[in-house]
Participant: 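One structure is given below, represented as structure tokens, and several questions about it will come after.
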Amino acid sequence: MSRTTAPAPDDRKDDATAPAGGLAHGLKQRHLSMIALGGVIGAGLFVGSGAGIAAAGPSIVLAYAISGVLVMLVMRMLGEMSAANPASGSFSVHAERALGAWAGFTAGWAFWFLLCVAVGLEGIGAAKIMTGWFPGTPEWAWVALFMLVFCATNLAAVKNFGEFEFWFAALKVGAIVLFLGIGVLAIAGVLPGADAPGTANLTGEGGFFPNGSEGLIVGLLASVFAYGGLETVTIAAAESEHPVQGVAKAVRTAMWRIAVFYIGSMAVIVTLVPWGDKAVVDKGPYVATLDHLGIPAAGQIMNVVVLVALLSAMNANIYGASRMACSLVAREQGPKALGRTFGGVPRPAVLVSSVFGFGCVLLSYWSPDKAFIWLLNTIGAIILVVWFFIAVSQLVLRRRTEREAPEKLVVKMWGFPVLTWVALAGMAGIFFLMAREEGTRIQLYYTGGLTLLLAAVGFALQKAREKAAKERETAAEQV
């Protein structure tokens, strides 16, 4: 049985961010817990899951369960490495330790790019909600306001980021728990005005697999990318009061969150609402379900929740991007100016990450059919690339840690190395499925191109550093 409690000594000594430029330790355990909890509840769940339901029908529950198992394995692997060596660079640091500087460079900058583009996408989504409430107001003005607020939040002490995320996550968690509670009552037939649906929606209209295996594949691909966001907690753990304890607890409880929030939600939705109902896509599955049950003002209630989810993601992604950039600079893999810290905060990295995110928004207005679509396609499979680096790094570092410092394994991957290889096989399978589907094949090409470019640059930098080190050694020997 794996241990999930931290050793008694002060675990800050193992914090890889300490030499990185003085990042603060301002996050408390309650912040970390809610960051992890809120990280699995995003707009992808509230809105994006509708497309998966439309494609897979009731089998979307199976799709989310399959991808959920993969995410659990990835998080367990990441938790093992992050508890052993907490670092604000998270998987980028682990990849560098396991595979070389090129791997850390590739994983880190790819993830930074993903987060920055995501900030722009979330800003656009939040602005659309606001313009719906305030017709006639320009979207760009709302995006600019949100960017200013969260840029300012992240420029201040890290505890401010933690407080924002704590309350954002609390609202999201409260909303989804309330939704699940209402759904269970409706399924049981005890909700006033709602009859128990039984299994009619699960077995009718084509059965559990109405679109066959192809529908399940589309739903599976949609569900995989809805799980993005869990990685941020391992980045934030490095700035918590007790990094090892924090990440161990967060990873330990991430498993049941996935089961309850994602798989539970999908089960409630497809049981209560016919999967072919157009409202599932047009309004979003949660709004469609609440409307189906006759809940007053369901649309506006969920719009508030989705807005909070989008703003929360903007806040978290600016934070994650800035810390990743700071970590990369500390390892001599980026412009030195980005690594400077002020009061424990990497403010240049925050500013650059925010500006890049806002630039993505401007591209959506100036060139929505070319440049912006290129950005969207490029980030399409980055999260899978990150997961691949996590799994390969864990294979290498687990053996090394067992030999050199077994006491650091306070979180252990289950069934090592079998389940690590199972996870890698699962990722390879998803890459294969993406290559089969016309809609996702282009994303695979663009993401692959970006990954190869970063790997080539990273490898060149690694060789240049190795050459410089040898020259210094030779010069020293001659003296």
Side-chain angles (χ1 to χ4, degrees), residues 39 71 74-75 77-78 81-82 87-122 224-225 227-232 234-235 313 316-335 338-339 349 352-354 356-357 359-360 363 371-394 423-424 427-428 430-431 434-435 440 442-462:
V71 174
V74 171
M75 280 305 297
M77 288 184 276
L78 183 55
M81 294 184 292
S82 296
S88 65
S90 186
F91 49 83
S92 173
V93 172
H94 308 322
E96 179 171 346
R97 293 179 62 242
L99 305 172
W102 71 270
F105 180 94
T106 305
W109 284 115
F111 192 68
W112 179 86
F113 183 76
L114 167 66
L115 294 185
C116 289
V117 175
V119 167
L121 295 176
E122 289 140 4
V224 165
F225 302 107
Y227 282 114
L230 277 167
E231 302 83 9
T232 303
T234 60
I235 295 174
N317 287 341
I318 291 173
Y319 169 85
S322 64
R323 269 48 179 189
M324 182 60 72
C326 184
S327 173
L328 286 161
V329 172
R331 289 176 278 137
E332 300 180 3
Q333 296 181 354
L338 288 182
V352 170
S353 300
S354 299
F356 190 94
C360 295
L363 280 177
F372 190 62
I373 294 299
W374 179 85
L375 286 176
L376 292 180
N377 286 329
T378 302
I379 67 171
I382 285 180
I383 196 63
L384 278 174
V385 173
V386 169
W387 290 355
F388 179 82
F389 275 112
I390 289 172
V392 175
S393 299
Q394 192 265 341
L424 281 168
M427 294 173 210
I430 294 172
F431 280 127
M434 289 187 71
T440 54
I442 186 71
Q443 297 177 9
L444 201 58
Y445 292 156
Y446 276 100
T447 299
L450 175 65
T451 302
L452 290 175
L453 175 62
L454 289 173
V457 174
F459 189 75
L461 289 175
Q462 177 178 317

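Count residues from 1 along the sequence.
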Participant: Between Q333 (side chain only) and A101 (backbone N and O only), is there a donor and an acceptor less than 3.5 Å apart?
Facilitator: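 Flag set: sc Q333 to bb A101 pair under 3.5 Å.
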Participant: Is there a donor-acceptor contact under 3.5 Å from the side chain of S92 to the main chain of A107?
Facilitator: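 Not a single qualifying donor-acceptor pair exists.
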Participant: What is the minimum heavy-atom distance between A95 and F389, and which atoms define it?
Facilitator: CB-CD2, 4.3 Å
Participant: Looking only at heavy atoms, which two atoms of L78 and S90 are closest? And how far apart?
Facilitator: CD1-OG, 3.7 Å
Participant: Compare every heavy atom of F431 with every heavy atom of V385, then report the nearest pair and how far apart it is.
Facilitator: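 It is N-CZ, 4.2 Å.
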Participant: Go through the structure and list residues passing side-chain hydrogen bond (donor to acceptor under 3.5 Å, both in side chains) with Q394, not counting sequence neighbours.
Facilitator: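 With neighbours one apart ignored, the set is E80, T420.
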Participant: Rounded to the nearest 0.5 Å, what's the gap from CZ on F459 to CG on L454? Could you check?
Facilitator: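 Going from the CZ atom of F459 to the CG atom of L454 covers 15.0 Å.
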Participant: What distance separates I382 CD1 from T451 OG1, expressed to the nearest 0.5 Å?
Facilitator: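 With rounding to 0.5 Å, CD1 (I382) is 6.5 Å from OG1 (T451).
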Participant: CE of M324 to CG of N317: how many Å apart, nearest 0.5 Å?
Facilitator: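 Here the interatomic distance stands at 11.5 Å.
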Participant: Looking only at heavy atoms, what is the nearest atom pair of F105 and L328, with distance?
Facilitator: CA-CD2, 4.2 Å
Participant: Distance-only, no hydrogens or angles: does the T447 side chain make a donor-acceptor pair with backbone N or O of L444 under 3.5 Å?
Facilitator: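 Such a contact is absent between T447 side chain and L444 backbone.
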Participant: Tell me every residue that passes side-chain hydrogen bond (donor to acceptor under 3.5 Å, both in side chains) with S353, counting only those two or more places apart in sequence or in another chain.
Facilitator: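 Here the qualifying residues are W112.
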Participant: Is the shortest heavy-atom distance from the side chain of I430 to the side chain of W387 under 4.5 Å?
Facilitator: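 Not in contact.
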Participant: With rounding to the nearest 0.5 Å, note down the distance linking NE2 in H94 to CG in L99.
Facilitator: 12.0 Å
Participant: Using 0.5 Å steps for rounding, measure from the CD1 atom of I442 to the CE atom of M434.
Facilitator: 10.5 Å
Participant: Compare every heavy atom of G380 with every heavy atom of Q443, then report the nearest pair and how far apart it is.
Facilitator: OE1-CA, 3.7 Å
Participant: Does the pair R331 and S327 meet the rule for a side chain to side chain donor-acceptor pair (under 3.5 Å), with working shown?
Facilitator: CA-CA 6 Å; R331 289 176 278 137; S327 173; 3.0 Å; yes
Participant: Between V93 and M81, is there a side-chain heavy-atom distance shorter than 4.5 Å?
Facilitator: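 A side-chain contact is absent here, since even the closest heavy-atom pair is not under 4.5 Å.
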Participant: Can you check ring pair (Phe, Tyr, Trp, His ring centres under 6.0 Å) on F113 and F356, steps first, answer last?
Facilitator: CA-CA 9 Å; F113 183 76; F356 190 94; 5.8 Å; yes
Participant: Any chance you could measure L424, atom CG, to F388, atom CZ, to the nearest 0.5 Å?
Facilitator: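 Going from the CG atom of L424 to the CZ atom of F388 covers 6.0 Å.
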Participant: Could you go through the side chain to side chain contact (heavy atoms under 4.5 Å, CB included) check for T378 and V117 one step at a time?
Facilitator: CA-CA 10 Å; T378 302; V117 175; over 6 Å; no
